[in-house]
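We count ligands from 1, going down the list as the structure has it; atoms in each ligand are counted the same way. The residues of the chain are indexed from 1 along the displayed sequence. Keep in mind it's a predicted model, so treat the numbers as computed, not measured.
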Amino acid sequence: MNLGIDDIRAARQRIRGRIRQTPMLRDEMLSAGLGTPVLLKCEHLQDTGSFKLRGATNALLSLPPEALARGVVTASTGNHGRALAHAAHALGVPATVCLSRLVPANKVAAVRQLGAEVRIIGESQDEAMAEVARLVRDKGMTQIPPFDDPAIVAGQGTLGIEIVEQVADLDAVLVPLSGGGLAAGIALAVRALAPQARIVGLSMEGGAVMAASIAAGHPVELAETASLADSLGGGIGLGNRVTFALCRDLLDEVILVPEDRIADGLRHLGRLGHVVEGAAAVGIAALLSGAFRPSGPTVALLSGANIDPGLHARIMAGANRVEPA
Ligand SMILES: *Cc1c(COP(=O)(O)O)cnc(C)c1O
């Protein structure tokens, strides 16, 4: 895979002015408790509520005009679809988003509001992806995948450049991990610009497909289970072309976080005034529980904000999982 820091720098130029540079805030409570700076990269404040706008915007701006005119399509657990709808709308490109029935209602509504056509298909990411393949074949649309694509990885990697610019003596970056576009892009950038820093991927305990794939030495499939970190669900594709090898080669460690620890992370961040989704709380969860012990300035990437408000309220009131016990 010939993807490197130059591609990420080019992506940064391409998407400049179309995405927001998000703030880096020091978590005073955790920094004091752990004796080393803990910094929150507030990407939940990105337009559309997640970092996925970076990759989607870079992917669209990398396509020829004929392809854009026929329209773009994706299957997504929500945030990528939302980002693609927003990016396509901003560029005047027709977008179709295929979602499985597992995707929360607030995410579906948000995609529709952004002007994309939404198709609800099947019970899994795989079934939604089959519908994407049909639209590509029959209508000549271009698929914009959520992670396994060089332009997506390069777009997400722009976060790595920002992190290195915002934090002196960077020692570790805690990155939520699902399909691995985010972790691969950040790892590529940080390896090139701050080679001393450790890159740690974090997933929920149930259905952590990238972690299982790295352990097996090849992409595997796992059953999807309900998690507070719903944006970390879904497979990596048995035919994964880009992100599996990058995550296998570039991540120093992968940590799996139990549901009740994710809830702790959400409550900690909520008390600081950061309403984030479960996927965004895994790094803080690992710091709070001691599963990751920092030894220098550590960045926890808050990757998204799109949590159902009722669920967030139940977690703040003490619930520890998606379903009431
Ligand atoms: C998509 C997503 C992730 C995981 O990104 P991958 O590139 O699939 O690993 C993490 N957090 C949020 C909020 C997301 O939307």
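When side chains are defined from C-beta on, Arg101 counts as touching Glu123, because their heavy atoms get closer than 4.5 Å. Residues Ile284 and Leu40 form a side-chain contact, since some pair of their non-hydrogen atoms from C-beta on lies under 4.5 Å apart. Residues Thr57 and Arg14 are not in side-chain contact: their nearest non-hydrogen atoms beyond the backbone lie 4.5 Å or more apart. Using a 4.5 Å heavy-atom cutoff, the side chains of Thr243 and Met210 are in contact.
When each atom of ligand 1 is checked for a heavy atom of Gly181 under 4.0 Å away, the hits are 6 (P), 7 (O), 9 (O). Heavy-atom contacts of Pro176 reach the following atoms of ligand 1: 10 (C) (cutoff under 4.0 Å). In summary, the atoms of ligand 1 found under 4.0 Å from a heavy atom of Gly304, numbered by their order in the structure, are 13 (C).
With values rounded to the nearest 0.5 angstrom, Lys52 atom NZ is found 9.5 Å from Ile152 atom CD1.
Polar contact with ligand 1: present for Ser178 (N/O pair, distance under 3.5 Å). Residue Gly179 has at least one nitrogen or oxygen atom sitting less than 3.5 Å from a nitrogen or oxygen atom of ligand 1, judged on distance alone. On a distance-only criterion, Leu182 and ligand 1 share at least one N/O pair closer than 3.5 Å. Polar contact with ligand 1: present for Gly180 (N/O pair, distance under 3.5 Å).
Here the shortest heavy-atom pairing between Asp264 and Arg267 reads OD1-NH2, 3.0 Å. Residues Glu43 and Thr22 approach most closely at OE1-OG1, 2.6 Å, considering heavy atoms. For the residue pair Ile186 and Gln156, the shortest heavy atom distance occurs at CG1-O, 4.1 Å.
Contacts between His80 and ligand 1, counted as non-hydrogen atom pairs separated by less than 4.0 Å, are absent for every part of the residue. In Leu232, the part holding a heavy atom less than 4.0 Å from any atom of ligand 1 is the side chain. Of the heavy atoms in Glu277, only side-chain atoms (C-beta onward) come closer than 4.0 Å to ligand 1. With a heavy-atom cut-off of 4.0 Å, Ala279 touches ligand 1 through its side chain alone. Residue-level proximity to ligand 1 for Asn79 is carried by the side chain, the only part with a heavy atom below 4.0 angstrom.
Distances from atom 14 (C) of ligand 1 to the heavy atoms of Gln156, Met210, Glu43, Lys52 show the closest one on Lys52.
One N or O on the side chain of Asp252 and one on the backbone of Ile199 form a donor-acceptor pair closer than 3.5 Å.
The closest approach between a heavy atom of Ala280 and any atom of ligand 1 is not below 4.0 Å.
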